[in-house]
Amino acid sequence: MTNHKKIYGGILVCFCVILLAGCGKEAQRARWREGYVAIQMEEQALSIPQKEETGKNCLVLSRQFFHGEAVQICALEKGGSLEIGLYREDGGWETLLADASLEYKNRWYLGERGVWYILAGETVICLEEGKETRRWEAGAKVMSICELSEGQVVALLYEKDKGAWLASPDSATGKMARWGKTELSDTPNQVLGSEEGCVLVMDESGVWKAAETWGTAGQEGNREYLMPFGTAYKPGYGVEDFQAQEDGKIEVLQKSGVLQKLELRNPEQVVVARMWSVNSWIRECTVRFNRENGTYYVILEESEDPKDWYALGEYKSRTAVGMATGTGADIIFSDAVANVDELMETGALEDLKPYMERDGIQEEEYFPAAFGSWRREGRIYGANVAEDIAGLWIREEVFGGKEPGIETLVDAMLAYEGEKAVFRQYWDGQYILEYFLSGSKDLWGMVDWEEGSCDFEGGLFARMLEAAKRYADDETGTYPVLAEDLLYLSDIYNYSAKMSSDRMAAEGKLPVGYFFDDGCHMLVAEGNSRIMCISATAANKEGAWAFIRYMLSEEAQLDYKNNIGYPVHRGAFDQVMARIMEQGPIVENPNGKGITYYGDGTYREMGREAYIALFTPTKEAVEEIRTMLEEAKPMPLRTAPLVRIILEETEAYFVGDKKEEEVIRAVENRVRLYLDEHGN
């Protein structure tokens with residue numbers, strides 16, 4: 001099985017090679033830390049196109065800026081043909097073709113001089129005065145097209161394994177030939193525009209222009225930036241068109257039907273927030289903060305490829321290097337850093353408590369998890385801005401009627417004689433062992449902190465090893481599981497009565513959660529960009545705290561709508577849950593497409609009443625969730641380095657390279673050495 005411990009590895013030794021890893025992209029991002037940054041100032045949803053005479057919504061083929069106006073090119077199917085029309089923002093409809101071929105149901109681009117272009121895969125179909133006049137074969141997928149001021153057409157072509165490039169058709173042959181020498185990025189999410197005989201390109205780095213030949217020296221890479229994005233704004237894969245206005249602002253048309261207006265600002269102070277992956281709530285809060293705050297502007301620094309989990313360890317290492325050298329981000333999210341216990345010990349994190357006391361942030365207004373995860377000796381090193389809790393249901397028959405406890409579970413698993421099972425799907429032996437160990441502050445009596453001693457040969461640890469190995473998942477997915485997630489607690493908008501405690505109890509499952517010294521509780525999870533901290537070497541600590549304070553505010557917490565977790569502000573939690581109970585699992589969709597129905601069934605299949613009954617939490621369910629949020633606990637940080645040692649030493653046991661006795665001795669020796677080195 002994949003060794004996830006290696007994938008999610010901790011902070012590595014800071015060799016020079018780490019400093020060089022990914023330095024090109026890091027340097028590019030750092031270019032915009034000083035000077036101007038792109039800020040999203042406004043956003044509005046375009047109207048849903050509808051032809052008044054028919055009363056039907058139209059199929060949107062494409063969106064673009066036409067003579068400066070945001071328009072939508074739409075189609076209405078009529079038997080075996082199409083009516084193609086231009087839908088304007090004032091609701092006006094202009095028929096372009098009354099009886100068009102179904103082949104024309106592709107992306108359109110309306111030229112400024114009356115020529116229409118249809119992008120049909122690798123073919124560009126040209127229409128003049130409503131009649132097809134020619135076709136250009138590109139030999140690669142045509143992603144975007146534009147007209148230059150003198151009438152020349154330039155297209156953006158893309159082919160897998162070859163990347164993207166600019167091309168222009170020969171007027172005589174119709175064949176596409178490469179245009180200019182400007183290099184594009186390898187990804188297809190780039191869009192074209194034009195200005196003064198130059199091609200404008202929007203990609204992840206910004207909006208820039210390039211000419212077919214440069215007559216002026218000094219243009220870096222044959223391009224000149226009009227608006228660099230850095231990480232202050234990300235266009236994503238959904239841009240259809242954009243235009244540069246005379247005042248220097250940029251307007252962007254998203255495929256979702258949203259019109260965004262960007263402005264280049266020179267903020268007084270820039271704050272860089274680093275994370276592995278940005279969720280929609282954090283991004284929306286950042287946009288609002290940047291728009292409303294006149295002093296600080298936050299740039300979100302995301303990983304190059306959030307889906308490449310194999311790069312996570314190296315990304316966290318680069319985060320640590322930046323924190324150690326004072327060249328990194330101001331704010332660090334929990335998914336971009338590892339071994340927080342070590343960072344606290346070495347003074348790498350800023351204490352947030354003085355900021356909280358100065359600005360009147362009262363802990364009692366929040367669930368304990370808000371400031372309880374990264375805390376030591378009265379200091380608060382991290383703020384959890386959205387509470388994600390985790391826990392397991394375990395089959396009641398496993399315990400045989402006994403009270404759930406760690407030794408009861410381990411012994412029951414070893415004595416279990418039912419059908420072959422795994423503990424939990426996708427959990428290998430090390431994950432199971434970590435589950436056994438993580439909740440106890442003294443590893444279930446195996447460590448004596450006061451005496452600085454340990455004992456892993458007393459029997460419990462050996463039984464844990466045996467049980468973890470026996471119930472490891474072999475990834476075949478063919479065996480039943482002893483434990484399942486508390487699924488209905490993971491999604492604030494996707495409660496399902498099918499996953500309620502009453503239903504699970506009826507199925508013979510106990511809500512065990514995680515094992516702690518004082519009993520069973522839900523676990524406060526740290527991943528998924530939940531906890532925010534300030535680097536002790538941050539260049540802008542006040543700006544970093546201003547953003548954290550905003551994320552903790554009732555205003556931001558009330559708007560929490562990510563698909564995992566809950567607001568940490570108690571008052572916001574009450575209001576959000578009341579809103580969900582009142583509205584049911586139905587929310588307004590911000591892109592103007594009406595309403596969205598959440599849940600694993602569909603509104604149309606079930607009918608409105610049955611749907612709302614199944615997916616709307618009751619008052620009892622909300623109180624149950626609240627109780628679990630109040631009682632949830634984080635993993636004890638003091639034992640974190642010991643658990644890492646144990647997992648390193650037991651890896652050989654789980655793959656069959658070492659015997660149980662060898663591993664126990666190795667664990668005993670290394671933990672004792674750690675205790676000796678770190679004192680009582």
Side-chain angles (χ1 to χ4, degrees), residues 367 369 387-427 431-432 435-436 438-439 467 471 473 477 479-525 563-566 573 577 580-581 584-585 598-601 606 609-633:
F367 290 122
E387 185 167 359
D388 182 11
I389 55 178
L392 303 178
W393 293 91
I394 297 180
R395 283 160 48 178
E396 189 174 9
E397 62 182 287
V398 174
F399 294 100
K402 297 180 180 179
E403 188 72 17
I406 187 62
E407 290 201 58
T408 306
L409 174 63
V410 172
D411 292 340
M413 289 172 66
L414 293 176
Y416 180 68
E417 296 180 349
E419 60 181 324
K420 178 174 173 56
V422 297
F423 185 69
R424 183 172 179 263
Q425 193 174 14
Y426 305 124
W427 278 26
Y431 263 111
I432 300 172
Y435 174 77
F436 290 160
S438 295
Y471 288 90
D473 186 11
Y479 300 112
V481 298
L482 301 184
E484 296 182 24
D485 277 326
L486 285 169
L487 297 176
Y488 82 106
L489 283 172
S490 68
D491 189 339
I492 192 167
Y493 285 112
N494 195 9
Y495 166 85
S496 170
K498 293 189 295 187
M499 298 305 299
S500 68
S501 58
D502 290 341
R503 177 69 69 91
M504 297 297 280
E507 295 178 3
K509 298 171 184 175
L510 295 175
V512 173
Y514 274 67
F515 294 100
F516 292 86
D517 294 312
D518 62 348
C520 298
H521 301 276
M522 295 294 287
L523 171 71
V524 178
N563 64 344
I564 300 177
Y566 297 87
F573 171 84
M577 297 308 290
I580 294 174
M581 284 190 290
Y598 286 88
D600 59 7
M606 302 181 67
E609 292 185 7
Y611 184 90
I612 291 179
L614 179 63
F615 292 107
T616 303
T618 62
K619 289 184 178 180
E620 292 76 16
V622 171
E623 284 307 308
E624 182 180 5
I625 294 172
R626 172 196 288 279
T627 298
M628 290 188 175
L629 292 173
E630 293 282 7
E631 298 179 354
K633 292 179 176 290

Spatial distance of atom [atom1] ([X]) from atom [atom2] ([Y]) [nearest 0.5 Å]:
| X | Y | atom1 | atom2 | result |
| --- | --- | --- | --- | --- |
| Leu409 | Phe423 | CG | CZ | 5.5 Å |
| Phe367 | Met628 | CZ | CE | 13.0 Å |
| Trp427 | Leu482 | CH2 | CG | 11.5 Å |

If a pair satisfies side chain to side chain donor-acceptor pair (under 3.5 Å) and one of its residues is in residues 402-411, list it, with sequence neighbours excluded.
Glu407-Arg463, Asp411-Arg463
Apply side-chain contact (heavy atoms from CB on, under 4.5 Å) to [X] and list each qualifying residue two or more places apart in sequence or on a separate chain.
| X | value |
| --- | --- |
| Glu397 | Arg395, Tyr416 |
| Lys633 | Phe516, Asp518, His521 |
| Val512 | Ile394, Phe399, Pro404, Tyr435, Leu510, Phe515, Cys520 |
| Val422 | Asp473, Tyr479, Val481 |

Taking only residues two or more places apart in sequence or in another chain, which ones pass ring pair (Phe, Tyr, Trp, His ring centres under 6.0 Å) with Tyr471?
none
Run the ring pair (Phe, Tyr, Trp, His ring centres under 6.0 Å) test against Phe436 and tell me which residues pass, sequence neighbours left out.
none
Closest contact, heavy atoms only, [X] versus [Y]:
| X | Y | value |
| --- | --- | --- |
| Pro480 | Glu419 | CG-CD, 3.7 Å |
| Val398 | Ala412 | O-CB, 2.9 Å |
| Glu387 | Ala632 | OE2-CB, 3.8 Å |

Sorted by chain and number, sequence neighbours left out, salt bridge (Lys or Arg N to Asp or Glu O under 4.0 Å) with Glu630 holds for Arg570
Taken in chain and number order and not counting sequence neighbours, the residues that satisfy salt bridge (Lys or Arg N to Asp or Glu O under 4.0 Å) with Glu623 are Arg626
Met581/Lys619 under side-chain contact (heavy atoms from CB on, under 4.5 Å): CA gap, chis, key distance, verdict
CA-CA 8 Å; Met581 284 190 290; Lys619 289 184 178 180; 4.2 Å; yes
Using side-chain heavy atoms (C-beta onward) and a distance below 4.5 Å, is Met522 in contact with Glu631?
no
